[in-house]
Amino acid sequence: MDSKNLMEIAGRFDVKGNITGAAPLGNGLINDTYRISADGGVDYVLQRINNAIFTDVELLQRNIGAVTAHLRKKLIASGDTDIDRKVLRFIPLKGSDKTWWTDGQTYWRLSVFIPGARTFETVNPEYSYYAGKAFGKFEADLADIPDSLGETIPDFHNMELRARQLSDAVKADAAGRLSIPEVKALVDEVVSFSHEMCKAERMYREGILPKRVCHCDTKVNNMMFDEDGNVLCVIDLDTVMPSFVFSDFGDFLRTAANFTAEDDPDVSKVGFNMEIFKAFAKGYMESARVFLTPVEKENLPYAACLFPYMQCVRFLADYLNGDTYYKIRYPEHNWDRSRNQWKLFQEARAHSGEMEGYINSL
Ligand code: GN1
Ligand code: MG
């Protein structure tokens, strides 16, 4: 979309000053994000919400409103002086308290751009430790949120559902890709681990694993750091919902502990970085120790395997379906992502014992 249209949409929200420009921002796979510059002292982030995926935008924005209000309240209570850089602020429409706008087809929202902050695609152990502390604190801070949050994508991290979606994709073979021998071979191998990986849902049914409010998209680039490397703020709150703590622990490591990007076609570069694991686990345990149950703690190594596995299943299903969910940049993009995550799953699984030993030593 051209910048004139973007500026016009941003102008429907209650911004300070005049809007002076619009440019693409970030590299999310679902929503489209733009930086809106303005002359009133702050810039903004305009997002087109992918409403094919987030079908209930009202619920989505209500969740985010409740989460940001609760985090803000905690920051105020702790006497913090940098609140506007530590929690996102969504801007209502002019003359309304609604934080989203639609033309009936596309859906948009606007938040304040956090100044002097940056995101990273890779992190060193020191930053992973800070990230672990921050995500643990995020869960701890939200433990007493009074609002009950809805599932913006129902059963988002339910492995049984993701396994079913893969088997549906196999049955339909909509893009005719299952006839490629390597594809069929990977599908069979992936499916053979399905029972093992669906352990969380079984523990939940047995009543030994709780759901808590989690972020559910703790990719390393969903965290903002200040100039000195301190974690400022957790962003991308679309998927904050009740889930297992495995979501946040596992998805961070899936992106941060991989030696390469999730879509690197050269899978010989994929590996599981134990230094990143240790630093993150240490930070996470420091903030999450207060609420984690023994079952949750014991299964953190499983979580580190589950997320590359689940992501492999999701990319592979999308590949079979003909690339209907994730943005792709070339035809075999989801295939490369699937192979990459599969290798990461195997590498993480090979380190399970070592992970367990480390967590017990903390
Ligand atoms: C999507 O939009 P983005 O890039 O933050 C996806 C995550 C996946 C991730 C894989 C709503 O996140 O679950 O882990 O891509 N978000 C949704 O990179 O499906
Ligand atoms: Mg996201």
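Ligands are counted one by one from 1 in listed order, and the atoms in each one are counted from 1 as well. No hydrogens, no waters, no symmetry mates; every other heavy atom, side chains included, goes into these values.
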* Qualifying salt bridge (charged side-chain N to carboxylate O under 4.0 Å, His left out) pairs with a residue from residues 9-21, counting only residues at least two apart or across chains -> none
* **Full working for side-chain hydrogen bond (donor to acceptor under 3.5 Å, both in side chains) between H70 and D144** => CA-CA 9 Å; H70 193 70; D144 59 350; 2.8 Å; yes
* Hey, are D84 and R72 close enough for a salt bridge, meaning a charged N less than 4.0 Å from a carboxylate O? -> yes
* **ligand 1 N/O within reach of L29 N/O, cut-off under 3.5 Å** => yes
* To do: Give a yes/no on ligand 1: does R314 have at least one heavy atom closer than 4.0 angstrom to it?
  => yes
* Test side-chain contact (heavy atoms from CB on, under 4.5 Å) applied to R349 and C305, P301, P308, the passing residue -> C305
* Which ligand 1 atoms does G28 reach within 4.0 Å, using its non-hydrogen atoms? -> 4 (O)
* Work out whether the distance between some heavy atom of F307 and some atom of ligand 1 is less than 4.0 Å. => no
* **Hydrophobic cluster of I36, others only, ordered by chain and residue number, side-chain cut-off 4.5 Å** => M1, L6, M7, I9, F13, V15, I19, Y34, V42, Y44, L46, I91, L93, W101, W108, L110, V112
* Just which atoms of ligand 1 are under 4.0 Å from any heavy atom in D236? -> 5 (O)
* Report, in ascending order of atom number, the atoms of ligand 1 lying under 4.0 Å from any heavy atom of Y326. => 15 (O)
* Does F113 have R35 sitting over its ring (NZ/CZ under 6.0 Å from centre, angle to axis within 45°)? -> yes
* Has ligand 1 got any nitrogen or oxygen that is less than 3.5 angstrom from a nitrogen or oxygen of E262? -> yes
* Structure fact -> Taking only non-hydrogen atoms of F54 and a 4.0 Å limit, the atoms of ligand 1 in range are 11 (C)
* Touching ligand 1 at all, I153? Heavy atoms, strictly under 4.0 Å? -> yes
* May I ask you to test the K282-Y129 pair for a side-chain heavy-atom distance under 4.5 Å? => yes
* To do: State whether R212 and D248 are salt-bridged, where the test is any N-O pair (Lys NZ or Arg NE/NH1/NH2 against Asp/Glu carboxylate O) under 4.0 Å.
  => no
* Distance-only N or O hit between ligand 1 and N31, under 3.5 Å -> no
* Are the side chain of D147 and the backbone N or O of L149 linked by a donor-acceptor pair below 3.5 Å? -> no
* Distance filter under 4.0 Å to R254 heavy atoms, resulting ligand 1 atoms -> 10 (C), 14 (O), 18 (O)
* Considering the heavy atoms of Y325, write down every atom of ligand 1 situated less than 4.0 Å from one of them. => 11 (C), 17 (C), 19 (O)
* To do: Using distance alone, determine whether D217 and ligand 1 share an N or O pair under 3.5 Å.
  => yes
